[in-house]
**Q** 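Quick one: the structure is below, and I'll ask about it shortly.
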Protein chains: 2
Amino acid sequence: MTSSPEFKVERLTVAGSLTDRVCEALVQLISGEDFPPGSRLPSEMKMASRFGVSRTVIREAISRLKSEGLVESRQGSGVFVREENMDAPFRIDPNIMDSIQSVLQVVELRKVLEGEIAGLAAKRRSREQMAAIRQALKQIDTDVAAGSDGVDADIAFHRCIAEATGNPHFLALIQFLFNFLRNATQTTRGIEATRATLTQQVKDEHRAIVEAISHQDSTAARAAARLHMDRASRRLGTADIKLLQSASTAANLTPSTV
Amino acid sequence: MTSSPEFKVERLTVAGSLTDRVCEALVQLISGEDFPPGSRLPSEMKMASRFGVSRTVIREAISRLKSEGLVESRQGSGVFVREENMDAPFRIDPNIMDSIQSVLQVVELRKVLEGEIAGLAAKRRSREQMAAIRQALKQIDTDVAAGSDGVDADIAFHRCIAEATGNPHFLALIQFLFNFLRNATQTTRGIEATRATLTQQVKDEHRAIVEAISHQDSTAARAAARLHMDRASRRLGTADIKLLQSASTAANLTPSTV
DNA sequence: GATGTAATCTTGTACGACAACTATAGCCGT
DNA sequence: ACGGCTATAGTTGTCGTACAAGATTACATC
């Protein structure tokens, strides 16, 4: 091996800082077949030379990859690609938030989950859990009467139902989806307003879910929850779509001027 | 303000590199009330002085926090705490892998998803997607005949179905669950063996799913997928439970000796 | 051939310098 | 007095060098 290049230098992306670009390029190289799991990637000096950047940039990029669990560095030995990316978490790409369609797709995911969660909760809920659900339902009214937008109480309500399944992963997953949707929609503040105006309809939907769970009728609970989410996505899809779209385009024009 | 310390220097943890410790300390400070969302944290120079490390270390720590979405840096202005931790990913605590019950709970989550995914795929699949699903089903046989355990092909099969929903989040989520389950079970190699011995039954279950999707019968598709997952969890719950348990206890004894 | 040691390579950390960019204070013109 | 422009200081981004700490390899020695 006289001077065989240890890896091809990918075209660095045009946007972002040097560290961003190098990071992206390295992820591509690791994802590809250039560096299989367990292999050692070139020394920081060599990478700096190949990419035409300083070692500082390489080190910061490696630092990110380490925090994401893609690589692992051993002092004096080198940087190695981690065996498994089992820790690769489930995350939704934040820059798809612009797209109203993607938000609706997340809502669809939530709809599926809420339906099954309600069905399972109907089967398994204990008496205490049933009381907690009823209490959470009341809390929504209390909060709204006190001037709150009721979003927190609404989330707590659905969390109570998820807890009643006895499977903590359902709770964790819908909590994650709540976080995402809240952040995706909070830019406009349109959803909360919509929810506030449609309180009566939402209240009826909630009651239907609670009643079904109370009667341990899992089929009805699933249907009620799905209907609830269907209507929620419809509310999202009609009134607020323009707001969200305009907000997203505005965000595109001013990427970091927030 | 003459010389009010802008933040208290937390005790740096004893283990890990300087970057690790600084990173941890910063996370604590951000999680606490010292630096609320939107606030600017001290300049890199000041932090370097406070922590008694070089600016390099601070920069690498900040780089990690940026990749984790906790902070955001603006050149010439400073480093700011991001508004919401909307990026908080959905991840399953790795140390629950010990518990066979938790694994079964994840399987239940997958069961729910696979059922709904199959139902949606039955409604929406295009002709090309149907062909891809059939192709993936055949590939399982091909791989198994070639001596493979067929796990990869099995995953690819279910991925094809998820793709046919047209909602990429379903695909991403079940891929995440696959990764977790694979890592949770691969220690014993017991599951693959089980799956290999029960090929005929699994094949029948797969065929039922494919036929239902082909006929665009979403109810049948959902039922078939749920049955498939039910049987999978039963297979998991009976034969391999002892293997998994023993493997988990062994893993506890050797936490990082892999 | 086994073994201990030195040379060498790699990552970790520190320091200094400058470029690119921002925000602010202050000056100036009106 | 007020608005707009500029100078200036502060901050992040990038570069380079240097050395410490740990690991690997080669080699000399027995």
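This one's a predicted model, so the numbers in the text were calculated from it and none came from an experiment. Sequence lines set the chain letters: A, B, ... in the order given, protein chains first and strands last, and positions in each chain run from 1.
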**Q** So which one's nearest nucleotide on DNA chain D is more toward 5', V79(B) or S54(A)?
**A**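 The residue mapped nearer the 5' terminus is V79(B).
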
**Q** Output the rounded distance in Å from CD (E60(A)) to P (dT12(D)).
**A**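 Computing the E60(A):CD to dT12(D):P distance gives 12 Å.
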
**Q** By salt bridge (Lys or Arg N to Asp or Glu O under 4.0 Å), which residues pair with K111(A), not counting sequence neighbours?
**A**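 For K111(A) the salt bridge (Lys or Arg N to Asp or Glu O under 4.0 Å) partners, ignoring immediate neighbours, are D230(A).
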
**Q** Atom CE of M47(A) to atom P of dC9(C): distance rounded to whole Å?
**A** 17 Å

**Q** Suppose we screen for side chain to side chain contact (heavy atoms under 4.5 Å, CB included). Which residues come up paired with A164(B), at least two apart in sequence or across chains?
**A** A121(B), R125(B), Q129(B), I133(B)

**Q** Please confirm whether the shortest side-chain N or O distance from T19(B) to OP1 or OP2 of dT13(C) is below 4.0 Å.
**A**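 T19(B) to dT13(C) OP1/OP2: side-chain N or O found under 4.0 Å.
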
**Q** So which atom in L171(A) and which in E163(A) form the shortest heavy-atom distance, rounded to 0.1 Å?
**A**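 That would be CD2-CG, 3.6 Å.
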
**Q** V53(B) side chain: which of dA14(C), dT10(C), dC15(D) is closest?
**A**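 The answer is dA14(C), which lies nearest to the side chain.
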
**Q** Nearest whole Å is fine: how far is dA20(D) C1' from L18(B) CG?
**A**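 Taking CG of L18(B) and C1' of dA20(D), I get 12 Å after rounding.
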
**Q** When the distance from CE of M45(A) to P of dA18(D) is rounded to whole Å, what number comes out?
**A** 11 Å

**Q** Rounded to whole Å, please give me the gap between CD in E44(A) and C1' in dG16(D).
**A** 15 Å

**Q** Go through the structure and list residues passing side chain to side chain contact (heavy atoms under 4.5 Å, CB included) with A136(B), not counting sequence neighbours.
**A** F157(B), C160(B)

**Q** If you find the nucleotide of DNA chain C closest to G78(A) and the one closest to T56(A), which residue's nucleotide is nearer the 5' end?
**A** G78(A)

**Q** Please give, in whole Å, the distance from dC15(D) P to F51(A) CZ?
**A** 13 Å

**Q** Which letter, B, S or -, goes with each nucleotide of nucleotides 17-23 of chain C from 5' to 3', with contact meaning a protein heavy atom under 4.0 Å?
**A** B--BBB-

**Q** When you measure from the side-chain N and O atoms of K66(A) to the phosphate of dT11(C), is any distance below 4.0 Å, counting only OP1 and OP2?
**A** no

**Q** Within the 4.0 Å heavy-atom criterion, would you say S73(A) contacts the bases, only the backbone, or no part of the nucleic acid?
**A**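 Sugar-phosphate contact only.
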
**Q** For T142(B), which residues count as a side chain to side chain contact (heavy atoms under 4.5 Å, CB included) partner, sequence neighbours excluded?
**A** Q139(B)

**Q** Under 3.5 Å, which donor-acceptor pairs do the side chains of residues 54-62 of chain A form with other protein atoms, sequence neighbours left out?
**A**
{"residue": "S54(A)", "atom": "OG", "partner": "T56(A)", "partner atom": "N", "Å": "3.3"}
{"residue": "R55(A)", "atom": "NE", "partner": "E44(A)", "partner atom": "OE1", "Å": "2.7"}
{"residue": "R55(A)", "atom": "NH2", "partner": "E44(A)", "partner atom": "OE1", "Å": "2.9"}
{"residue": "R59(A)", "atom": "NE", "partner": "E60(B)", "partner atom": "OE2", "Å": "2.7"}
{"residue": "R59(A)", "atom": "NH1", "partner": "E44(A)", "partner atom": "OE1", "Å": "3.4"}
{"residue": "R59(A)", "atom": "NH1", "partner": "E44(A)", "partner atom": "OE2", "Å": "2.9"}
{"residue": "R59(A)", "atom": "NH2", "partner": "E60(B)", "partner atom": "OE1", "Å": "3.4"}
{"residue": "R59(A)", "atom": "NH2", "partner": "E60(B)", "partner atom": "OE2", "Å": "3.3"}
{"residue": "E60(A)", "atom": "OE2", "partner": "R59(B)", "partner atom": "NE", "Å": "2.7"}
{"residue": "E60(A)", "atom": "OE2", "partner": "R59(B)", "partner atom": "NH2", "Å": "3.3"}

**Q** May I ask you to evaluate whether K46(B) reaches the phosphate of dT12(D), defined as a side-chain N or O under 4.0 Å from OP1 or OP2?
**A** no

**Q** Return the value, rounded to whole Å, for the distance between atom CD1 of I62(B) and atom P of dT14(D).
**A**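 Whole-Å distance recorded here is 15 Å.
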
**Q** Using whole Å, what does the distance between atom C1' of nucleotide dG13(D) and atom CZ of R59(A) come to?
**A**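 Rounded to the whole Å, the gap is 17 Å.
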
**Q** Of all the heavy-atom pairs spanning C23(B) and L65(B), show the shortest one and how long it is.
**A**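 For C23(B) versus L65(B), the nearest heavy atoms are SG-CD2, 3.7 Å.
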
